[in-house]
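Encoded as structure tokens, the structure appears first; notes follow it.
Position 1 is the first residue of the sequence; numbering continues from there. Just so you know, these numbers come straight off a predicted model, no measurement behind them. Both ligands and their constituent atoms are indexed starting at 1 by order of listing.
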Amino acid sequence: KPRVVSGVQPSADSLHLGNYVGALRNWVSMQDDNDCVFFVADLHSITAGQDPATMAERTRVTAAQYIAAGIDPERSTLLIQSQVPEHTQLAWVLNCITGYGEAARMTQFKDKSLKQGADNTTVGLFTYPVLMAADILIYQANQVPVGEDQRQHLELTRNLAQRFNARFGETFVVPDARILTNSAKVYDLQNPTAKMSKSAASENGLIRLLDPAKKNAKKIKSAVTDDGNVIRFDRAAQPGIANLLTIYSSLTGEPIESIVEQFEGKMYGHLKVGLAEVVTDTLDPIQQRAQQLLDDPAELDRLLARGAEKAREVTGETLKAVYDRMGFLPGV
Ligand code: TYM
């Protein structure tokens with residue numbers, strides 16, 4: 001079976017709708033035909049600084065959302081990145097074959113470092129895409145389902161795999177990005193030309209998976225739309241409506257045209273009410289299941305420890321092959 005690998009950074013309270021539509025939701029259906037590895041990218045999250053008091057909890061909350069959304073820890077391998085040390089061991093090796101200029105060209109680094117300012121930008125943020133490449137290559141992944149914003153990091157991953165193979169001999173599978181074009185980018189509800197992101201300017205632009213239905217419905221109803229009054233899909237002229245239609249379509253599985261038809265002659269407000277219902281119906285069961293899992297953190301931790309153990313059967317082998325090819329003195 002092809003191997004699929006992906007991860008999301010843990011966030012303080014909840015993942016957002018962009019993570020769900022762009023990534024998590026697509027992972028669920030891939031479990032049938034693939035050998036899937038999904039992890040919580042806790043090591044990536046410290047590139048923006050961390051609070052030791054909440055780290056463990058948000059890692060658990062994130063893992064709980066994976067399972068609640070439909071990731072089956074029996075069929076797939078579910079793990080916490082920091083519990084599988086080969087991710088970081090391989091990252092070091094890859095750091096040493098990554099060009100400085102190559103890393104400096106990553107647009108996400110440029111954006112984030114600009115925001116944080118030179119004095120607050122860490123080397124960790126700079127080398128973040130290399131750790132991401134290691135996350136993928138350590139499992140010999142064939143496919144990596146991510147949102148559009150990760151495309152450049154995937155390209156770097158492919159380049160590093162090819163470079164290593166050329167220099168040291170065939171070692172890594174060169175993975176493909178799997179970016180679903182219709183749902184790869186969910187936009188901010190208040191600023192529908194910027195991606196929905198936890199660091200968004202306005203709190204109201206963000207739908208959190210674990211927020212109360214009422215709060216989410218209110219945000220959807222106050223989503224920014226244009227001055228027109230015809231519901232149609234036109235990304236350039238009506239980005240707000242296009243975003244609502246995209247979310248509606250990804251959550252229901254209905255094609256955008258049939259949603260447009262359904263709302264023909266209706267007002268923007270109708271679409272918002274309809275979408276709020278769809279979002280509530282999607283998130284209700286996820287919230288309930290996540291809560292059940294979080295009620296028994298010891299069991300959740302055990303389950304994650306088992307996932308890490310399962311993962312290490314693969315990661316240990318890859319790292320050994322890498323070290324062998326590079327000529328390190330064999331360990332005991
Ligand atoms: P992160 O945590 O920023 O986002 C996780 C996933 O959610 C997708 N995503 C979106 N999709 C659509 N619309 C949006 N507004 C939106 N916002 C986020 C992202 O594309 C991603 O798929 N570096 C990664 C985590 C990572 C990873 C990996 C992913 C670390 N190692 C290895 C895949 C493979 C990140 O920070 O994603």
Side-chain angles (χ1 to χ4, degrees), residues 3-12 14-27 30 36-48 58-59 62-63 65-66 69 71 77 79-82 84 87-88 90-91 94 106-109 111-112 124-125 127-158 160-161 175-200 205-209 239 242-243 246-247 249-251 311 315:
R3 166 109 6 102
V4 164
V5 173
S6 200
V8 175
Q9 292 190 52
S11 348
S14 167
L15 299 180
H16 60 72
L17 204 57
N19 301 138
Y20 181 69
V21 169
L24 203 47
R25 194 184 55 93
N26 307 316
W27 301 354
M30 295 181 90
C36 292
V37 177
F38 300 118
F39 64 93
V40 177
D42 57 347
L43 293 170
H44 274 103
S45 72
I46 69 170
T47 55
R58 62 199 170 100
T59 300
T62 305
Q65 286 170 89
Y66 284 19
I71 301 305
T77 306
L79 65 114
I80 307 302
Q81 188 187 28
S82 63
V84 179
H87 287 238
T88 29
L90 179 60
L94 296 179
M106 294 293 117
T107 56
Q108 204 169 80
F109 169 73
D111 292 348
K112 285 192 185 172
L125 184 69
T127 191
Y128 165 126
V130 181
L131 176 59
M132 177 163 167
D135 296 333
I136 296 166
L137 300 182
I138 196 80
Y139 293 102
Q140 307 288 4
N142 302 96
Q143 287 211 2
V144 186
V146 285
E148 179 60 43
D149 60 333
Q150 300 298 321
R151 188 186 290 280
Q152 197 187 25
H153 295 160
L154 252 299
E155 214 32 64
L156 175 71
T157 304
R158 290 169 52 83
L160 293 178
D176 286 319
R178 188 166 189 277
I179 300 172
L180 297 185
T181 43
N182 57 348
S183 63
K185 200 159 177 185
V186 173
Y187 292 84
D188 188 308
L189 295 181
Q190 288 299 315
N191 180 12
T193 51
K195 77 167 178 178
M196 185 179 283
S197 146
K198 58 178 175 285
S199 53
L206 186 68
I207 299 290
R208 291 197 186 79
L209 302 191
N243 190 32
T246 307
I247 299 171
S249 163
S250 344
L251 296 183
T315 59

Near [X], which atoms of ligand 1 are under 4.0 Å from a heavy atom of that residue?
X: H44; answer: 30 (C), 31 (N)
X: A23; answer: 6 (C), 7 (O), 22 (O)
X: Q9; answer: 2 (O), 35 (C), 36 (O)
X: N19; answer: 4 (O), 5 (C), 6 (C), 7 (O), 9 (N), 18 (C)
X: I136; answer: 32 (C), 34 (C)

**Asked** Between Y139 and H87, does the ring centroid distance fall short of 6.0 Å?
**Response**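 That pair passes the under 6.0 Å test.
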**Message:** Over 60° means perpendicular and under 30° means parallel, so tell me whether H153 and Y128 are parallel, tilted or perpendicular.
**Reply:**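 Ring orientation of H153 relative to Y128: tilted.
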Heavy-atom pairs closer than 4.0 Å: do any link ligand 1 to the side chain of [X], the backbone, both, or neither?
X: F38; result: neither
X: D135; result: side chain
X: M196; result: both
X: V144; result: side chain
X: L24; result: neither

**Request:** For residues V5 and Q140, determine if any side-chain heavy atom of one lies less than 4.5 Å from a side-chain heavy atom of the other.
**Result:**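 V5 vs Q140: side chains apart.
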**Asked** Do E148 and K195 have side-chain heavy atoms sitting under 4.5 Å apart?
**Response**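 Not in contact.
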**Request:** Check Q81 against L43 and note the closest heavy-atom contact, atom names and distance.
**Result:** OE1-N, 2.9 Å
**Asked** What's the shortest heavy-atom distance between S197 and L206, and which atoms?
**Response** O-CD1, 3.5 Å
To the closest 0.5 Å, what do you measure between [atom1] ([X]) and [atom2] ([Y])?
X: T193; Y: N243; atom1: OG1; atom2: CG; value: 10.0 Å
X: Q9; Y: N19; atom1: CD; atom2: CG; value: 9.0 Å
X: D176; Y: T157; atom1: CG; atom2: OG1; value: 11.5 Å
X: Q65; Y: I71; atom1: CD; atom2: CD1; value: 12.0 Å

Pick from [options]: the one approaching [atom] most closely through a non-hydrogen atom:
atom: atom 22 (O) of ligand 1; options: A41, G147, P129; value: G147
atom: atom 20 (O) of ligand 1; options: I138, L17, D149; value: D149
atom: atom 29 (C) of ligand 1; options: S45, G7, G18; value: G7

Is [X] near ligand 1, meaning one of its heavy atoms is under 4.0 Å from it?
X: H153; value: no
X: Y128; value: yes
X: S6; value: yes

